[in-house]
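This one's a predicted model, so the numbers in the text were calculated from it and none came from an experiment. Numbered from 1 within each chain, the chains take letters A, B, ... in sequence-line order.
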Amino acid sequence: MLDIKWLRENPDAVRAGAMKKRLPDRAAAVDQALQLDAELRAMLPALDALRSEMKNAGKEMGKMTPEQREAFLGKQKERKVVMQGLEEKEKQLKADIEVQMGLIPNVPDADVPEGRDDSENVEVRRWGSVRDFGFVARPHYDIGEAQGWLDFTRASAMAGSRNYILFGDLALLQDAVLRYAVDMLVARGFTPIDPPLLVRDAAMFGTGFFPGGEEQTYRCEKDGLNLIGTSEVPVTSLHGGELMAEDQLPKKYVARSACFRREAGTYGKDTRGLYRVHQFHKVEQVILDINDKVRSIQHHHDIVKNAEDMLQAFDLPYRVVAVCGGDLGVPQAMKYDIETWMPSRANYGETHSASRFYDYQARRLDLRYRQKEGGKATFCHTLNNTVAASPRILIPLLENHQQQDGTVRLPAALRPYLGGREVIGRPVW
RNA sequence: GGAGAGGUGGCAGAGUGGCCGAUUGCGUCACCUUGCUAAGGUGAUGUACCCGUAAGGGUACCGGGGGUUCGAAUCCCCCCCUCUCCGCCA
């Protein structure tokens with residue numbers, strides 16, 4: 001949600017922002033909202049004056065004798081009829097404005113590259129060198145199935161396509177990665193959270209996934225609850241409706257949760273292996289802080305670095321890209337993706353996504369703090385980034401660290417989580 | 001799922017139809033006082049919106065939504081949440 005006052009003064013910037021995101025329908029909401037807002041403002045003075053009149057008259061009546069009161073009743077009832085009409089209109093306008101404002105996307109920052117889709121994201125930097133195997137490297141699903149670590153056939157049979165089952169050391173490796181990610185962030189001052197996986201619509205709306213993301217969301221209609229696609233939803237919503245003290249900020253959280261995505265409309269895309277699945281686990285970092293652009297940008301760099309440090313500890317080559325306008329989500333002001341080298345794709349594949357929102361989510365969530373200077377209630381800034389999402393992160397781990405015989409070398413950082421072993425699997429080729 | 005009790009400002013907690021946007025306490029801020037000093041006094045202190053250059057004026061909001069009434073924090077209905085007891089249960 002944008003500040004409507006700011007929108008009134010900068011409609012062109014907001015429209016241009018929606019167009020930069022390739023969301024022409026959402027750009028139209030700008031004019032809708034402004035027109036409704038103008039209508040509402042035009043009627044408010046009259047309504048407020050009438051209310052004031054009625055209120056005063058009502059107070060007078062409270063002091064009257066029953067006989068005097070009778071004489072005034074008629075007049076009051078007339079006013080009431082007029083007011084009910086106006087109030088009906090006011091309510092409708094406010095509801096309509098809310099809908100339109102909810103549709104208007106956050107304005108992409110100036111450092112967001114122009115572009116239509118992810119093919120036009122701009123590489124910012126690379127780390128690590130792509131390994132020259134010296135043998136025919138195999139994709140993770142071949143390694144996994146040969147080792148008895150992976151079963152897609154039975155998973156699909158019981159749960160449908162885009163499902164998987166992890167066994168044995170791969171199941172342990174997943175847990176090792178997730179635990180490493182949590183431990184690393186906790187060591188950096190983040191508070192660990194195990195959040196709800198089923199949330200109300202308000203949380204989905206507040207974080208900006210609704211409206212628009214309904215098709216990607218599993219919904220428990222009977223209870224009106226939604227399975228989260230990321231713990232960003234419950235964690236960013238955590239302090240929604242609260243008025244925090246400035247010295248409670250920043251709040252830094254690291255959540256580990258299962259995530260669920262319908263992946264509607266992706267049929268035929270990434271069908272093989274662990275890349276695109278309906279259910280996965282993710283360790284997510286979320287920061288809530290004061291309304292300060294410079295600090296937001298600093299946090300943004302910090303949370304990207306957290307993820308980079310993990311990938312470096314795992315000895316995985318990656319690159320950081322600045323996500324272009326057309327690939328940016330509705331609520332984001334700017335986003336960096338981290339893409340990790342995946343030999344089976346002969347390319348970098350997205351493993352992390354770091355977003356900054358400024359106060360867009362905070363406005364929707366009513367997430368505020370009281371400023372130390374002046375004591376004003378102010379909307380927070382929010383940010384988030386993946387630390388590790390599995391099983392996708394298992395793809396580069398298996399593929400980049402595979403050995404000719406089908407065993408997999410563990411990066412040193414993960415060994416303590418797997419009983420000190422340097423290698424998992426047995427020779428299969 | 002059944003029965004009961006509740007949800008009021010940053011927090012605690014009064015308020016059962018007009019004198020309530022709301023007593024009081026705590027907290028916070030300002031000023032004052034000062035060998036009772038990890039103290040005392042005085043005052044201020046909700047959010048949003050509208051009109052106004054401003055000073056200022058007005059409106060809405062007592063969990064959310066609807067209703068009764070000239071008038072609702074207060075009465076009625078629905079929903080959400082919390083607590084207690086029963087049931088069920090990993």
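- A salt bridge links A/D37 with A/R8: at least one charged nitrogen is closer than 4.0 Å to a carboxylate oxygen.
- In this structure, A/Y369 has its ring center no closer than 6.0 Å to that of A/F379.
- Taking atom CD on A/Q84 and atom P on B/rC70, their separation rounds to 10 Å, with Å as the unit.
- Of the candidates B/rU47, B/rC70, B/rC80, the closest approach to any side-chain atom of A/R200 belongs to B/rC80.
- As judged by a 4.0 angstrom heavy-atom cut-off over every strand, A/R79 is placed among residues making no nucleic acid contact.
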When you compare the protein's N or O atoms with those of nucleotides 50-58 of chain B, which come within less than 3.5 Å of each other, and at what distance?
unit_1, atom_1, unit_2, atom_2, d
B/rC50, OP1, A/R8, NH2, 3.2
B/rC50, OP1, A/R41, NH1, 3.0
B/rG58, O3', A/S52, OG, 3.2
B/rG58, N2, A/D48, OD2, 3.3

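- The number of heavy-atom neighbours closer than 6.0 Å to CZ of A/R295, taken from other residues, nucleotides and ligands shown, is above 12.
- Side-chain atoms of A/K376 lie closest to B/rA48 of the nucleotides B/rA48, B/rG66, B/rC70.
- A gap of 25 Å separates the C1' atoms of B/rG15 and B/rU84, to the nearest Å.
- Distance A/Y369 OH to B/rG46 C1': 18 Å, rounded to the nearest Å.
- Scored by the ring-ring contact (aromatic ring centres under 6.0 Å, His included) test, A/Y360 finds no partners at all (sequence neighbours excluded).
- In this structure, the side-chain hydrogen bond (donor to acceptor under 3.5 Å, both in side chains) partners of A/R188, at least two apart in sequence or on a different chain, are A/N306, A/D309.
- Under 4.0 angstrom from either OP1 or OP2 of B/rU69 there lies no side-chain N or O belonging to A/K77.
- Atoms CG (A/L243) and P (B/rG46) sit 12 Å apart, rounded to a whole Å.
- Among the heavy atoms of the strands lying under 4.0 Å from A/K55 are primed sugar atoms or P, OP1, OP2 only; no base atom is included.
- For the OP1/OP2 pair of B/rG66 and a distance below 4.0 Å, the side-chain nitrogens and oxygens of A/K91 include at least one atom meeting the criterion.
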task = Please test A/F260 against A/F280 for ring-ring contact (aromatic ring centres under 6.0 Å, His included), starting from the C-alpha separation and ending with a verdict.
result = CA-CA 7 Å; A/F260 305 89; A/F280 57 99; 8.3 Å; no

